[in-house]
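Below is one structure; the comments refer to it alone.
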Amino acid sequence: MSMEFLRKLPIPKETKEKYPLSEKAIAAKKKRDDEIKEIIEGKSNKLLLVIGPCSADSEEPVMDYIYRLKKVQEEVADKLVLIPRIYTNKPRTTGDGYKGMVHQPDPEGKPDVYKGILSIRELHTRCLTETGLSSADEMLYPANHRYLSDLLSYVAIGARSVENQEHRLVSSGIDVPVGMKNPTSGDLSVMLNAIKAAQHPHSFVYRGWEVNTTGNTHAHAILRGYVNKHGESLPNYHYEDLAFLHEQYCKAGLENISLVVDANHANSGKKPLEQIRICKEVLHSARHNKDIQGMLAGFMIESYIEDGCQKIGEGVYGKSITDPCLGWEKSQKLIYEIADLI
């Protein structure tokens with residue numbers, strides 16, 4: 001058993017200097033941040049959609065997808081805020097397989113974290129500067145967040161990370177909304193405890209520094225379904241699930257009671273076409289219950305240019321190499337339908 005130190009990687013400050021943001025981009029992100037926060041606070045009747053590929057595996061098709069998203073955003077701006085899902089880390093249950101762009105900027109090449117760090121910075125920067133859409137990414141590794149902290153308008157904490165103390169503490173110092181997923185077990189108390197921790201101030205060690213945080217009042221819930229002891233995927237987006245979450249949210253005394261429903265993962269059983277039905281069912285529940293309506297902030301949708309998924313090396317442009325996604329035409333139609341149903 002050993003650990004080989006290969007090379008010193010650039011610190012976030014150096015990476016940000018290599019890919020700096022223009023004043024125009026900074027202003028665009030600030031405007032988007034404020035708009036998204038108003039949704040989480042319940043001050044806006046709009047919904048947010050965190051939408052895009054399961055994993056951002058290649059710059060060209062991801063940017064192609066985001067340009068398409070920009071055109072749709074202009075058409076639904078009065079109803080929806082579209083947040084490109086640019087997930088550059090991919091959690092692996094067993095540790096095996098493709099771990100995302102930050103580790104492997106070329107999915108068919110060897111791991112290269114140095115190049116990966118620059119690649120993810122460049123991709124998120126292109127998204128913001130070229131389209132004006134600030135993005136979302138998953139904080140799989142809290143120490144890596146600073147590489148993208150000036151670019152992201154939304155941060156997600158995954159089902160396997162939500163119980164981790166460092167994820168909770170770092171979330172308390174992030175200045176944009178952070179969504180906490182329910183754990184794979186489905187225990188909502190774990191998620192609510194994570195939100196409570198993120199909303200409170202803390203002092204802790206981070207990247208070799210002693211830091212203080214003020215708390216993130218925009219930390220909120222994400223329901224993504226769960227897995228039972230038999231390994232079966234079970235949903236938690238039904239009316240009764242949403243009503244129960246609101247009740248528990250109120251008992252927990254948290255600020256900005258807010259929910260994003262992940263329409264894929266265990267909620268859909270990783271059947272991407274089900275996302276269409278799931279979003280409509282949740283909106284139907286919201287129309288019949290004011291508490292659910294007030295709590296619902298939006299959806300997460302896994303979407304790419306082509307339906308489904310492929311194995312690495314098959315080479316289909318804009319088709320996921322991880323979990324299957326909803327193709328562009330169906331995704332575009334779903335966005336319009338969600339806007340019409342609000």
Compare every heavy atom of [Y] with every heavy atom of [X], then report the nearest pair and how far apart it is.
X: H202; Y: A197; result: NE2-O, 2.6 Å
X: M101; Y: S58; result: CE-N, 3.9 Å
X: A297; Y: I39; result: O-CG2, 3.5 Å
X: G327; Y: D307; result: N-OD1, 2.5 Å
X: A219; Y: Q199; result: O-NE2, 3.1 Å
X: R32; Y: S153; result: CB-OG, 4.2 Å

Hey, mind stepping through L234 and V227 against side chain to side chain contact (heavy atoms under 4.5 Å, CB included) and telling me if it holds?
-> CA-CA 6 Å; L234 296 171; V227 179; over 6 Å; no
Test: [X] and [Y] ion pair at under 4.0 Å:
X: D34; Y: K29; answer: no
X: R168; Y: E163; answer: no
X: E41; Y: K37; answer: no
X: K251; Y: E247; answer: yes
X: E274; Y: R277; answer: yes

I'd like to check [X] versus [Y] (side-chain heavy atoms, cut-off strictly below 4.5 Å). Are they in contact?
X: S55; Y: Y98; answer: yes
X: H265; Y: D323; answer: yes
X: Y65; Y: E60; answer: no
X: M63; Y: I66; answer: yes
X: V261; Y: L296; answer: yes
X: I195; Y: M191; answer: yes
X: L326; Y: E302; answer: no
X: N89; Y: E138; answer: no

Will you find, in the side chains of [X] and [Y], an N or O donor that is under 3.5 Å from an N or O acceptor?
X: Y67; Y: E130; answer: yes
X: N236; Y: N182; answer: yes
X: S172; Y: N216; answer: no
X: H124; Y: S135; answer: yes
X: K16; Y: S149; answer: yes
X: D187; Y: S185; answer: no

side-chain contact (heavy atoms from CB on, under 4.5 Å) against K333, all qualifying residues, sequence neighbours excluded =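 With neighbours one apart ignored, the set is E337.
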Do [X] and [Y] make the cut of ring centroids closer than 6.0 angstrom?
X: Y304; Y: W328; value: no
X: H220; Y: Y154; value: yes
X: Y141; Y: H103; value: yes

Does atom CZ of R68 have more than 12 heavy-atom neighbours, drawn from other residues, nucleotides or ligands, at distances under 6.0 Å?
->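 Check passes, neighbour count above 12.
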Should we say atom NZ of K330 is surrounded by more than 12 heavy atoms from elsewhere, each under 6.0 Å from it?
->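 No, because the 6.0 Å sphere around NZ of K330 holds 12 heavy atoms or fewer from other groups.
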Derivation of the salt bridge (Lys or Arg N to Asp or Glu O under 4.0 Å) call for E35 and K31 | CA-CA 6 Å; E35 194 172 15; K31 182 179 179 182; over 6 Å; no
Do [X] and [Y] share a hydrophobic cluster (ILVMFWY, side-chain heavy atoms under 4.5 Å, transitive)?
X: I301; Y: V260; answer: no
X: I117; Y: I11; answer: no
X: Y237; Y: I338; answer: yes
X: F244; Y: M295; answer: yes
X: L128; Y: I36; answer: no

Can any side-chain N or O of [X] pair as donor or acceptor with the backbone N or O of [Y] at less than 3.5 Å?
X: E59; Y: S119; result: no
X: D137; Y: T88; result: yes
X: Y239; Y: E281; result: no
X: K90; Y: G100; result: no
X: Q104; Y: G109; result: yes
X: N264; Y: S268; result: no
X: E306; Y: C325; result: no

Out of curiosity, [X] [atom1] to [Y] [atom2], how far, rounded to the nearest 0.5 Å?
X: D150; Y: R121; atom1: CG; atom2: CZ; result: 4.0 Å
X: K319; Y: I305; atom1: NZ; atom2: CD1; result: 12.5 Å
X: D241; Y: L188; atom1: CG; atom2: CG; result: 8.0 Å
X: I157; Y: L140; atom1: CD1; atom2: CG; result: 9.0 Å
X: N289; Y: E240; atom1: CG; atom2: CD; result: 10.5 Å
X: E75; Y: L82; atom1: CD; atom2: CG; result: 10.5 Å

Mind running side chain to side chain contact (heavy atoms under 4.5 Å, CB included) on L151 and S134 for me, showing each step along the way?
-> CA-CA 7 Å; L151 287 161; S134 49; over 6 Å; no
Given K181, Q275, R224, the one that forms side chain to side chain donor-acceptor pair (under 3.5 Å) with D262 =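 The single option meeting the side chain to side chain donor-acceptor pair (under 3.5 Å) with D262 is K181.
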Please list every donor-acceptor pair under 3.5 Å in which a side-chain atom of residues 47-54 meets a protein atom from a residue at least two apart or in another chain.
none

In sequence, state the C-alpha distance, the side-chain angles, and the governing distance for R7 and D112, and then conclude on salt bridge (Lys or Arg N to Asp or Glu O under 4.0 Å).
-> CA-CA 11 Å; R7 56 182 164 177; D112 187 336; 2.6 Å; yes
Derivation of the side chain to side chain contact (heavy atoms under 4.5 Å, CB included) call for I312 and E108 | CA-CA 7 Å; I312 292 174; E108 298 183 52; 3.7 Å; yes
Do you know which of T217, N256, L259 makes side chain to side chain contact (heavy atoms under 4.5 Å, CB included) with I40?
->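 Only one of T217, N256, L259 forms a side chain to side chain contact (heavy atoms under 4.5 Å, CB included) with I40, namely N256.
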Should the pair R85 and Y87 be classed as cation-pi, given the thresholds of under 6.0 Å to the six-membered ring centre and 45° from the axis?
->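 Yes, R85 and Y87 form such a contact.
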